[in-house]
Every structure is written in structure tokens, then in C-alpha cells.
Amino acid sequence: AQSVTQLDSQVPVFEEAPVELRCNYSSSVSVYLFWYVQYPNQGLQLLLKYLSGSTLVKGINGFEAEFNKSQTSFHLRKPSVHISDTAEYFCAVSEIDQGGKLIFGQGTELSVKP
Amino acid sequence: DSGVTQTPKHLITATGQRVTLRCSPRSGDLSVYWYQQSLDQGLQFLIQYYNGEERAKGNILERFSAQQFPDLHSELNLSSLELGDSALYFCASSRDREIDGYTFGSGTRLTVV
């Protein structure tokens with residue numbers, strides 16, 4: 001069965017510092033990979049996705065992620081964070097040809113301090 | 001506005017009661033997915049409908065049921081409610097069965113007292 005592990009439940013960081021949110025997954029078949037962001041009292045917004053092709057994926061708000069098949073990882077990075085990036089971030093996987101259901105990690109709370 | 005509409009936004013009800021959550025997908029989307037977000041379980045897939053038919057089932061309790069109507073809106077019915085059913089319930093929609101990135105609604109916050 002597929003599973004997603006987000007290695008850090010909370011990541012505090014200072015404004016303008018770089019950040020990496022780590023995500024590892026487990027699946028016996030090929031997968032699509034996603035990062036979503038959830039701001040307080042809001043729904044989930046898609047940050048970026050990996051479907052195929054280049055393993056470096058760029059998303060909205062300056063975020064990017066790299067798919068590493070051998071390490072089954074999909075870490076999210078941003079070179080310089082802003083206060084407005086404070087939110088919960090979810091990594092998710094979907095097995096190809098399985099109808100589209102997403103399996104989410106437990107989330108990483110990113111807290112950007114001035 | 002994501003284009004996915006969920007009503008109501010908040011719901012408070014007593015244990016043992018039954019509630020219905022409603023979701024209108026983004027225009028043109030045929031698939032509807034329901035997710036539950038709780039503090040102890042995180043985000044969990046409940047059920048998927050595609051063009052009126054059930055396509056996939058996740059960790060959905062027998063007390064819960066869903067359907068998708070001809071106009072493609074969907075309803076999630078929760079019955080014999082327990083305190084542990086308190087959660088955020090999200091609906092998402094997509095163009096077809098395959099993922100190209102869901103669009104999520106803003107959720108219904110259910111509080112069972």
C-alpha cells in the first residue's frame with residue numbers, strides 16, 4: 001500500500017532564509033506527486049505537481065520540488081521565504097491509473113518569523 | 001474562489017444525528033472526491049464519484065454514504081454521528097478520472113457535540 005511520510009511536523013525559519021520540507025513516499029507502482037498548501041481556515045491549494053518528465057518541478061509562489069525516484073523522495077524547497085508563506089504544507093501521491101485518489105502526508109507546519 | 005462550492009461552511013450538531021454536506025464541482029469537472037481532515041487522522045480519502053458512478057472507496061465508515069446527482073453535484077451523508085466525526089470535510093473535483101491537480105473546495109467544518 002502506498003504511504004507518504006513528511007519528516008518534519010514543524011519547521012520554524014526566519015524570513016528570507018531558505019527552506020526545505022521533506023517528503024518520502026512508498027509505493028509499488030509509478031506515482032504522481034503533489035505539494036499542497038493550506039492557509040488557516042482555508043482549503044488546499046496546489047503548489048506544484050510531478051507527473052512525468054523533468055524531475056525538477058517549479059510551482060507557484062517561488063516553490064520548487066525535486067523528484068528522486070531512487071530515494072522515493074519529493075522534497076519542497078524555496079530559496080527565500082516570506083512571512084506570507086506561513087502555512088501547513090502537504091505532500092501527496094497518487095498511483096497512476098488508479099482513478100486519482102490522493103494519499104496525503106501528515107503535513108508540515110511552516111512558521112516564518114521576522 | 002476555486003470554483004468548487006461546499007455548503008454549509010460550518011455545522012454544529014449533536015451525537016446520534018444525521019447531516020448532509022453538499023458539493024458543487026467546478027464547471028466541466030466530472031469527478032468528485034471527498035476527504036476528511038481531522039487532527040488525529042490527518043487528511044484521508046473517503047470516496048470518489050465519476051459522472052454519477054462510484055469509482056473508488058477509501059476509509060469511509062459504514063455510517064457515511066455519498067452520491068453524485070445528474071447535475072454532477074455530490075452529497076455526503078453522515079449518520080449516527082459521534083464526537084470523533086468532528087472534522088473538516090473537503091470536496092475536490094477534477095476534469096476526469098485521472099489527476100491533473102484537483103481543485104479543492106474550502107470545506108465544511110463539522111462539530112459534533
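Bear in mind that the values here come from a model prediction, so they are computed numbers and not experimental data. Every heavy atom of this structure was used, including side-chain atoms; hydrogens, water molecules and symmetry mates were not. Numbered from 1 within each chain, the chains take letters A, B, ... in sequence-line order.
Between the CG atom in A/L44 and the CG atom in B/L88 there is a gap of 9.0 Å [rounded to 0.5 Å]. Once rounded to the nearest 0.5 Å, the distance linking CD of B/Q44 with CG of A/L102 reads 13.0 Å.
Looking at A/Q106, only its side chain comes within 4.5 Å of chain B, counting heavy atoms on both sides. Of the atoms belonging to B/Q41, it is backbone heavy atoms, and not side-chain ones, that fall under 4.5 Å from chain A. There is no contact between B/I47 and chain A, counting heavy-atom distances below 4.5 Å.
Contact detail for A/Q38 and B/F90: the closest heavy-atom pair is NE2-CZ, 3.4 Å. Between B/Y33 and A/K101, the shortest heavy-atom distance links the atoms CE2-N, 4.1 Å.
In terms of hydrophobic clustering, with Ile, Leu, Val, Met, Phe, Trp and Tyr side chains grouped at heavy-atom distances under 4.5 Å, A/F74 and A/V19 are assigned to a common cluster. Follow the hydrophobic side-chain contacts under 4.5 Å out from B/V4 and you never reach B/L30; the two are in separate clusters. When hydrophobic clusters are built by joining Ile, Leu, Val, Met, Phe, Trp and Tyr residues whose side-chain heavy atoms come closer than 4.5 Å, directly or via intermediates, A/I60 is grouped together with A/V57. Both B/Y35 and A/Y32 are part of a single hydrophobic cluster, where members link through side-chain heavy atoms under 4.5 Å apart. Under a hydrophobic clustering in which Ile, Leu, Val, Met, Phe, Trp and Tyr are joined whenever their side-chain heavy atoms come within less than 4.5 Å, directly or via other members, B/L43 and B/V32 fall into different clusters.
Heavy atoms from other residues, nucleotides or ligands lying under 6.0 Å from CZ of B/F69 number more than 12. Heavy atoms of other residues, nucleotides or ligands lying less than 6.0 angstrom from CG of A/N41 number 12 at most.
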- Criterion ring pair (Phe, Tyr, Trp, His ring centres under 6.0 Å) on A/F104 and B/F45, from CA distance to verdict: CA-CA 9 Å; A/F104 284 91; B/F45 169 73; 9.9 Å; no

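Side-chain contact between A/F90 and B/Q37: present, with at least one pair of heavy atoms (C-beta onward) separated by less than 4.5 Å.
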